[in-house]
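Sequence lines set the chain letters: A, B, ... in the order given, protein chains first and strands last, and positions in each chain run from 1.
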Amino acid sequence: MTVKYTKDHEWVRIEGDVGTVGVTDFAQQQLGDVVFVELPEAGRELTLGGEAAVVESVKAASDVFAPVSGTVTESNGALVEEPSMVNSAAETDGWFFKLTLSSPSELDDLMDADAYKAYVEGLH
Amino acid sequence: MTEAPDTLKTTPLHGLHLELKARMVPFAGYDMPVQYPMGIMKEHQHTRARAGLFDVSHMGQVRLFGDDPAAALESLVPGDIRGLKPGRMRYTLFTNEAGGILDDLMVTNADGHLFLVVNAARKEHDIAHLTERLKGRAEVEPLPDAALMAIQGPEAAAVLARFIPEAATMAFMSYLPATFDGIPVIVTRSGYTGEDGYEISCASADADPIARRLLAEEEVEAIGLGARDSLRLEAGLCLYGHDIDETTTPVEAALEWALSKRRRQEGGFPGADTILKQLAEGAPRRRVGIRPDGRAPAREHTEITDAAGRRIGEVTSGGFGPTANAPVAMGYVETASAAADTPLQLMVRGKPLAARVAAMPFVPQRYYRG
């Protein structure tokens, strides 16, 4: 199992040709208390870097971008019911959606956990 | 683009904010705390349940002196200032010749002079406006070395009474010069949250020790600008530059209550012709409260349409109300659509969201009524 990260603070966990996408713990700290998420429907085609979901805190709305291209297979209904899971479990139960990867080679351009950790430290 | 921190001004409580690990943001030219580690949601709820301390030292404090500063100020605002008894205060508006709103402010009859509190982003404008327009009638004394903090919430009165016993029985919208641990302060029973509470004005050098004494009380937490905004939105209170500005009149803004009875009869304030005509005949648009049906917040500048999809206005403030536990907004709509429960649509990310006009405040105000 591999987890990769983007500069926009999304993570994607790869199992076979399926990716599970969410936002990182760093991202949820920056967002603050999340009160609403809008997730893509199954069947939607996402392209790398395109708008995939919306996350809203008390203060502002932010876009979540597709870390890789693919077709959405499922979104996290529990997160729609309980958006604060983005804050309490960003990298586990607070996942946003799953997709079937259409261009797995895109993963090569994403960061691994160590590279992402160094990237975030560089932002402080 | 965010302003570089070195171009920003700081308040006397800046060091305390950093010590409390606040997240700082530029606001009206100041480096201000938007939230502390507690977070906006909990800060908001803490203020509604207990007591919150806010640094509002960025706001402008001004004194007006003269033979009759109240009569002079009445030439610039539609409120009854001459009728304010010593120690009482009221909310009013600087209007322009077109009837638009230049700023909103609090005016106190401080027994011998008037004490004004104006918005941070407008203070330089307001001081210039007062100085120019009241020349020869009143002296304008800005107080750049004064700090201002607010303590708000149902336990604010009990906390402040430990330091200033006479604050407990102050009337809502009244003023009291007092001492806090021997430090001279000016206390008003007022605020911007819909809760009971006070604003405390003091010398800059005294702000830090006063804030620390208040924060040491078990009921009190430091609250940032993020929760200040969600609290005032739930209370239905306007934010200048967003809900009201030079293009909105007091009647459009549903602030008729700030047009005092005598001033309605006498006029004599900038834009009186337009404002009094609208008061009699109605205005083409009106500020209303808006409740989206679902859970998605509608933010400022969201387009409002009628049920048929025709554009009828725009959201001016919107977000999630932690106490309402729902999205809440305010905005302007054509007057024909301004009645409570009128169905609306909000265009959020290209899709129409069902909403309806709602009475404000969204959360009942709990001011001290003695």
Side-chain angles (χ1 to χ4, degrees), chain A residues 8-9 23-47 49-66 72 75-90 94 96-97 120-124, chain B residues 2 21-25 27 32-48 223-234 239 242 292-302 315 317-329 346-351 353:
Chain A
D8 294 319
H9 310 287
V23 301
T24 66
D25 193 57
F26 176 80
Q28 70 80 15
Q29 286 174 36
Q30 296 298 307
L31 288 165
D33 300 305
V34 172
V35 296
F36 177 78
V37 294
E38 186 174 287
L39 304 179
E41 288 160 24
R44 190 169 140 198
E45 302 278 343
L46 299 177
T47 48
E51 289 170 16
V54 175
V55 56
E56 302 221 20
S57 66
V58 178
K59 193 113 187 88
S62 307
D63 288 316
V64 175
F65 301 103
V72 176
S75 63
N76 187 355
L79 191 64
V80 173
E81 295 300 313
E82 193 56 58
S84 65
M85 280 204 302
V86 176
N87 299 114
S88 59
F96 279 47
F97 57 90
V120 166
E121 278 166 7
L123 297 177
H124 288 297
Chain B
T2 52
K21 301 197 176 345
R23 183 179 303 170
M24 306 299 286
V25 297
F27 182 82
M32 295 297 289
V34 66
Q35 64 170 84
Y36 298 87
M38 188 182 231
I40 294 174
M41 187 82 86
K42 289 202 181 75
E43 289 173 29
H44 178 116
Q45 286 159 343
H46 185 88
T47 306
R48 292 257 186 262
I223 310 297
L225 293 182
R228 182 169 160 84
D229 190 50
S230 55
L231 288 159
R232 70 90 197 167
L233 175 58
E234 283 186 339
L239 175 60
H242 300 260
D293 281 359
R295 301 292 291 174
R299 308 288 176 177
E300 186 177 2
H301 301 309
T302 297
V315 171
S317 284
F320 188 83
T323 305
N325 189 28
V328 291
L346 305 172
M347 297 303 292
V348 174
R349 293 182 283 277
K351 283 177 286 188
L353 291 186

Within a strict 4.5 Å, meaning less than it, do heavy atoms of the [X] and [Y] side chains meet?
X: B/Ile40; Y: A/Ser57; result: no
X: B/Glu234; Y: B/Pro322; result: yes
X: A/Val54; Y: A/Val64; result: no
X: A/Leu123; Y: A/His9; result: yes

Between B/Gly321, B/Gly226, B/Gly318, B/Ala296, who has the most heavy-atom pairs with chain A when the cutoff is under 4.5 Å?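 It is B/Ala296.
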In terms of heavy-atom pairs under 4.5 Å with chain A, which of B/Arg349, B/Lys42, B/Arg295 leads?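 Winner by heavy-atom pair count: B/Arg349.
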Counting only heavy atoms closer than 4.5 Å, note whether [X] contacts chain B via side chain, backbone, both or neither.
X: A/Ser84; value: neither
X: A/Val80; value: neither
X: A/Glu51; value: neither

Between A/Ala61, A/Pro83, A/Ala60, A/Gly32, which has the largest tally of heavy atom pairs under 4.5 Å with chain B?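 Among the listed options, the one with the most contacts to chain B is A/Ala60.
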Once you round to the nearest 0.5 Å, how far does CG of B/Leu353 lie from OG1 of B/Thr302?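 B/Leu353 CG to B/Thr302 OG1: 8.5 Å, rounded to 0.5 Å.
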